Amino acid sequence: MEQLPVLSILIFLPLIYALIVPFLPNEKRLLHTFSTVGSGLLFVLSVLFWLGTTKAGRPAAEFMTWLPQLGIHYNVGADNLSWVLVILTTFLVLMAVLASYTSIEKRLKLYYAMIFTLTSAILGVFLARDLFVFFLFWELELIPMYLLISIWGGPRREYAAIKFVLYTLFGSVFMLAAILGLFFIARSADPSATFAFADLSGVSATGLAVGTQVLLFLGLFTAFAIKLPMVPFHTWLPDAHVEAPTPISMLLAGILLKMGSYGMLRLCFGWFPEAATVLAPYLVLIGTINIVYTAGVALAQADLKKLIAYSSVSHMGFVLLGLGALNAVGFNGAVFQMVSHGLISAGLFMIVGTLYTRTHTRQIAEMGGFGKVLPTVYFFALLIAMASLGLPLLGGFPAETLVFYGAFLSNAFKVIPWFGGTVLTLSIQTLTIISAIGVVLGAAYLLWMLMRVFMGPVFPKWSDLKDATPSEVFVLAALSFLIVAVGLFPNLVSSQFEREVTAMAQPYSKMIAELHKATPKGQIPVISMMSFSKNEGGTR
Amino acid sequence: MDETTFAGLYQFGFWVFAATMVAGALGVVFHRSIVYSALMLLITFLSIAAVFVLLNAPFIAAAQVLVYAVGLTIVLIFGIMLTGDKPFVDPVGQERPNRFWLMPAVASTIFLGFLIWALLYPTMGFSGINGIFVSLMDPATNPATLPSVQAISTDGGITVIGQLLFSRYLIPFEVASILLLLAMMGAILLSKRTFPEEEGETLATVETIEPYAPQVNIEGNTPSLSSSHSEVEEKETLGVH
Amino acid sequence: MFEVGLYHYITLAAVLFSIGLYGVLSSRNAIRVLMCIELMLNAVNINLVAFNNFINIEDLGGQVFSIFILTVSAAEASVGLAILIALYRSRKSVDMERFNLLKW
Amino acid sequence: MSNAVQDLVWLIPVYPLIAFLIIVLGRWTGLLKPMSGSPFVILATALGLIHTLLFLGNWGPAYTAVEQNWTWLQAGALQLPIGYFIDGTGMMMLLVVTSVSLLIQIYTHGYMGHDPGYSRFYAYLALFNFSMLSLVLSSNLFQMYIFWEMVGVSSYLLIGFWFTRPSAAAAATKAFLMNRVGDFGLLIGILTLLYFSWTYWQGLDPQQLLSFSQMDGAARTALAAAGPVAFTVMAILIFMGPMAKSAQLPLHTWLPDAMEGPTPISALIHAATMVAAGVFLIARMYPVFTISPNAMMIIAWIGALTAFVAATIALTQVDIKKALAYSTMSQLGYMVLAMGLGAYSAGLFHLMTHAYFKAMLFLCSGSVIHGCHEEQDMRKMGGLMKYMPITGITYLIGTIAITGVLPFAGFWSKDEIIASAAEQPLLFMIAIATAAMTAFYMFRTYFMTFHGTYRGHGHPHESPKVMTMPLAILAVPSVILGFALSGFFGLPAFSQYVSFGHAHHHDPNLGVMGLSILVALGGFLVAWLMYGQAKVIDPARIASAFKPVHTLLWNKWYFDQAYGFFARNIYLSFASLSAWFDRTVIDGIVGLTAGTVNASGGAMRALQNGRVQSYLVIFFIAVVLLTVVLMWMV
């Protein structure tokens, strides 16, 4: 299995599909089957390759010199964390393709071509081991997504598509600056340094001043935060979701949000432990706001899809909370939340999609009594909503538990240093309690939505709707099966990436102790650590 | 007349001619009718000639009167006749006030301010390239030499100018002449009109070109007037029928 | 009044020049623009002759130069008028507003 | 054979799970006919009961606790275990749950026979059984939290079974939300406990995290680490879970609304099993509660107040199921009071007896409603004894049991609770008053439904055998159970098997026994006078005499209105405010940046307007500026 360039196949196979699709005869049934078979093959391949390489102890990695003089090389590799997300991606792409049967009618060729380009871009992001290649794929993913939203979207699709692109570009500007800054710092240390992850990850350990670390951290973090999305930068998500067609919003919520959190974990938290320790209080604070605030906003939404979009923003707040806990449990919780949220939000959007293809309206006020009319949809909606609620024995619960246990038991910070020397007496424990309140609020809007949409008397208008078609049922069943499996046996999933993620969290316990030790009694930790001067010698 | 009355007359003369010159200039710019502004121009030229006289340059004054006052004004009058001297009539009927006056006014006042500042500045001891100004402005260094009676009585410096023209300034002189030649050819070429066929047509049969009252639509430019088909139009109006 | 010196003539020339400038920039009729250009050129002439008179009366360089300016302005006026006539023929008007092709 | 039964005890909850999966997959694939599936569920519960009896059979005289743990989720230093743990309390709960749910499932066949959602109902019953049994078997607090929420969801599904009815949908959502609030408190309680006792758990085998067997050691370390005040707060936070689940005072309003669900589930969930789970959790977490006296005091007081308030509201109820619901709340208040006073075995004994006779009462009310064609209002019933003799008699037995008259079960368990409250005078008085009120409103419901003339239209008929047979079976424990385990005349005492710490057996306090019987008879007498044949006192006149009190009780102490107010005004306005903020402020900023870019573009466009003269203007100004700069620079 080693001689096979496994990762490159995975990345470029979808691109080949994208090239083949336009040359097929323009016949709906043929295009659907081709894409389904293609994405099915991709999914099977990704699982086989994973079992063949990393799982069997030989982590796959490929290297090809590309621009030696610039220090940029085609450097891809995959540890278990990337593999889990790759498989999640290929699975959700298969689901999206299946979901497109009923919801996409016009210009199918361009549609499938774009979906496969998007897949290869996302796989590239997860598998890249060279920061420049990572950035390249990060930007490549924008174009297909823009086209997908702006051509097949709803009434205000251009606005939503442009807003989506502008937000991400705004972020990637900072990311590019941070990438180049990091590269040149590495180059100044040793001239042979390239953009490879291996070279750049060691930079912070070689006595880089905390101030610069914080700046580089924030540079990278802004792009990832916008993608996450984090509260101040989140308004693109509801618009993009409301306007995007069902399969696209499944992909958008299922995978694209994970790119942000994956980047955060591997790049920001992986390479700048000191900066992460210094900034952890603020991350957790924003994470809590993310959970509670968007839960409140979601409750007041009249549009069903917007409600689901805000719920996924609120759930991604857990990732921030988990990462801010700066311990192995929190990190594992964050990664678990990525996986389970991917499945759950894809399922929720599939439900909204099935309702939309039948009723062509997303206003909750116009809906009602679907439980009687669409029993299968009601069954799956109930199951997936409960999972999103964090019900035990379903996907959401293990993630939430790990994040809460991790955050509550972490000693990341007792107080949040604020401007002008004042201090917010919010320890990570209080913030976790507030987030738990956010979860209860979350339960409120989901249950209220279920009540208004599915329960209650049957509306005369909707009395003659036909129940879910086989393809929709297959997608919902596959997603629900996985959600239940992950919920019942979480160790199956978490044991895959547990070793890598715990290794990532390993330096933090020492870092936190050092931070607390470095701050004399009563003095605010951040200010004293925030020196821009070069750290004296290797006290690391 | 003795020195002092002459000096007084000189002073007085300067202010009179300066006043008429400025009034004439303002007339040229602000008078509604183009013909009147042409006459105003004539007055300005004449007062400039008078000033030249005050500045011991009788030949230049004569040249000024000859070239400008007479030649140029006549040519301009011709121009006015050829292009119609009625003030622009806005489709609404009343003469459209000149909408764009603010910016030009600002620009010219700034320029005026700048010029005067450039003059005043040297007197305030500004060093640098204006060094010469400093000495120049100081009445102590060079008193104003009044046009001495004797200077006027001689040939007014014509001989000296003639000698200069053909000694130090010979090349500029020749270039100037070539310039004039070129200008003449250019003017003839530009204003030549192509007549479709020469014979049988006298100037009288050619209708005079009705001034085209511009119908200004909303965008501010007349729709039909794109340059592409102006020749066609021209042919029609000329149309030998 | 105080002694009329070089300074007066230069200020006079400056005033005349700005009036001419204003005329060029603001007038609607192309011919008036030509007239005002003439005014500006004459202002320059005054300056030259004034310098000649106040700085070095013997060396009549200033006056020679003003002659050259004379020729140039005459040439310019005639060519300007010719262009104006050609413009008038094609545009049937001399309104400066109408000549607005000089834009993207 | 014995260790096989013991090792496979975790199978007990798995039987209903398998039944659930069979029905769901069967119905989905169409293998199962629409109205079938109940045999699988009943078989599963029967297997559970048999397995429990077998396990009890060879559990041996010592009755030592059996425990087995596996790792459910491992991340970094944290290992969250899952497993089973059976001790006296656990076995008691197992017996109660399996037996009551078996009988109720048989009864449901009759009650739901003609309902189109028949198989869906049985699927939900199976799911509930699975969650409840796993909750009873769970070996640690984390696992109990998991099944705590699973039980909440099953009750949500069952209450909202007839979801086409808006009131049922609302009741289901309300029940689930209120349970979620309780679960939130429980979660934070668990986290704080773990936070303070982390060093203790590190010392143990990681699979023992939060396990009940090690709970006392952990409690002591936590108390030492946290200090009394924080420890009490943590204890109360953990108590918030049972508060919601067993409908204690602040979080109780969901229980009466839960009567929207079909009657069998009211019997199963809202009388016998689920609401008892709260008391079961207190029992499991007793080491934590006992070492903080003021936590115990708070629990006792909440229990007493709930009992008292529920009893007062029950006085004025006209809907038979609502009356029974409030009586359940009141009895639960008794159990919590007992736990708060340290009477561990008394509370659990009452839990056991209450489970049987309250389930029977609910099933009787079910058959009454079934008989009177879905009529729930007692004012439209009366004189049903003639039409439904078996239901009538079983209902009478239940009423006597609950009021605590001598030979019947209720007397023994309630008497022990009242006896344990003897030290605190105030609590004792509330207990006695509640006992009197219980007697009064229970006999009131009995007389209104079974005595006098039939006030409703239509002709009631006795329920089929499949419904009356479980009633008869349930009547047996309601009568003899109390006496059998009272410890008198050499009979085994309940506290021998189910007790906390040393199994002490204090001598029966005759004075209290006499007083409680007297009070019960008093309540019966007043009820008989008002509603019985005598009709001496006219209830309407009494109601008008105490007008304000009556309206207060009629409106259920205005709790619902208060929660409604909170939800509508505070919570919804927070939501709409944040929604508004999100739309205008954040999107506003985005719009602003786009707007400024657009506007500046427009302004620049005006500069290039094709007029030569405007270009000249710019030209001359530029000349001036340049020369000034040059002169300044030189």
Side-chain angles (χ1 to χ4, degrees), chain B residues 11 14 18 21-22 25-26 28-29 34 37 41 44 48 51-52 55-57 59-60 63 67 71-72 75-76 79-80 82-83 88 98 100-101 104-105 107-108 111-112 115-116 119 136-137 139 142 144-145 157 160-161 164-165 169 172 176 179-180 183 186-187 190-191 211-212 214 221 230, chain C residues 1 3-8 10-12 14-23 25-29 31-32 34-36 38-39 42 46 49-50 52-55 57 60-61 63-64 66-68 70-72 74-75 77-79 81-86 88 90 92-95 98 100:
Chain B
Q11 306 284 359
F14 169 75
M21 192 197 308
V22 168
L26 289 173
V28 167
V29 171
I34 194 74
S37 59
L41 190 67
T44 321
I48 291 172
V51 164
F52 281 159
L55 283 169
N56 297 326
F59 170 68
I60 305 296
V67 171
L72 194 66
V75 165
L76 283 173
I80 292 170
L82 273 175
T83 59
F88 297 114
N98 186 336
F100 304 100
W101 56 270
S108 37
F111 206 84
L112 181 63
L115 287 178
I116 292 178
L119 295 172
L136 181 135
M137 281 302 135
N142 46 35
T145 54
V160 171
I161 291 173
L164 275 177
L165 265 181
Y169 298 106
L179 177 74
L180 281 175
L190 273 172
S191 49
Y212 185 83
N221 43 40
S230 59
Chain C
M1 279 289 290
E3 188 70 39
V4 169
L6 174 65
Y7 176 71
H8 294 79
I10 289 177
T11 329
L12 176 67
V15 165
L16 192 67
F17 185 86
S18 353
I19 292 174
L21 179 65
Y22 175 73
L25 297 182
S26 68
S27 58
R28 291 294 307 284
N29 187 332
I31 294 175
R32 182 166 288 146
L34 282 180
M35 289 185 206
C36 298
E38 291 317 314
L39 271 184
N42 277 322
I46 293 173
V49 172
N52 180 59
N53 173 34
F54 282 93
I55 295 169
I57 193 78
L60 288 176
Q63 298 197 359
V64 165
S66 72
I67 290 168
F68 288 135
L70 219 69
T71 54
V72 164
S78 58
V79 169
L81 212 56
I83 293 173
L84 195 73
I85 303 297
Y88 177 79
S90 79
K92 295 294 168 297
S93 123
V94 279
D95 172 0
R98 303 293 313 295
N100 55 9

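Proteins come first, then strands; the chains are lettered A, B, ... in the order of their sequence lines, and each starts at number 1. Because the structure is a prediction, the values reported are computed rather than measured.
- Ranked by heavy-atom pairs under 4.5 Å with chain B, the first of C/Ala74, C/Gly20, C/Ala75, C/Ser78 is C/Ala75.
- Taking CG of C/Asn29 as the start and CG of C/Leu84 as the end, the distance is 7.5 Å to the nearest 0.5 Å.
- Annotation for B/Pro104 and C/Tyr22: closest pair C-CD1, 3.8 Å, computed over non-hydrogen atoms.
- In this structure, the portions of C/Ile19 lying under 4.5 Å from any heavy atom of chain B include both its backbone and its side chain.
- Closest heavy-atom contact between B/Ala25 and C/Leu16: CB-CD1, 3.6 Å.
- With a threshold of 4.5 angstrom between heavy atoms, B/Leu26 approaches chain C through its backbone and through its side chain.
- Rounding to the nearest 0.5 Å places OH of C/Tyr88 at 9.5 Å from CD1 of C/Ile31.
- Here the CG-CZ distance, from C/Asn53 to B/Phe52, works out to 11.5 Å after rounding to the nearest 0.5 Å.
- With a 4.5 Å cut-off on non-hydrogen atoms, B/Thr44 touches chain C through its side chain but not through its backbone.
- Both the backbone and the side chain of C/Thr71 have a heavy atom closer than 4.5 Å to some heavy atom of chain B.
- Counting heavy-atom pairs closer than 4.5 Å to chain B, the top residue among C/Leu21, C/Val49, C/Val79, C/Ile83 is C/Val49.
- Both the backbone and the side chain of C/Ile46 come within less than 4.5 Å of a heavy atom in chain B.
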*Stepwise, does the side-chain contact (heavy atoms from CB on, under 4.5 Å) test hold for B/Ile34 with C/Met35?*
CA-CA 10 Å; B/Ile34 194 74; C/Met35 289 185 206; 4.0 Å; yes
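- Proximity to chain C (any heavy atom under 4.5 Å) is shown, for B/Leu82, by both the backbone and the side chain.
- Looking at C/Leu12, only its side chain comes within 4.5 Å of chain B, counting heavy atoms on both sides.
- Contact count against chain B (heavy-atom pairs under 4.5 Å) is highest for C/Leu39 among C/Ile85, C/Leu39, C/Asn52.
- Proximity of B/Ile161 to C/Ile67: side-chain heavy atoms (C-beta onward) are separated by under 4.5 Å at one or more points.
- Heavy-atom pairs under 4.5 Å with chain B peak, among C/Leu34, C/Asn42, C/Thr11, at C/Asn42.
- B/Leu72 is linked by a side chain to side chain contact (heavy atoms under 4.5 Å, CB included) to B/Phe45, B/Tyr68, B/Leu76, C/Glu38, C/Ala77, counting only residues two or more places apart in sequence or in another chain.
- Taking chain B as the reference chain and counting heavy-atom pairs below 4.5 Å, the highest number among C/Ala86, C/Cys36, C/Gly61 is found for C/Gly61.
- For chain C, the nearby parts of B/Val22 are the backbone and the side chain; heavy atoms of each come within less than 4.5 Å.
- The nearest pair of heavy atoms linking C/Arg32 to B/Val28 is NE-O, 3.1 Å.
- Contact of B/Tyr169 with chain C is made through backbone and side chain together, with heavy-atom distances under 4.5 Å.
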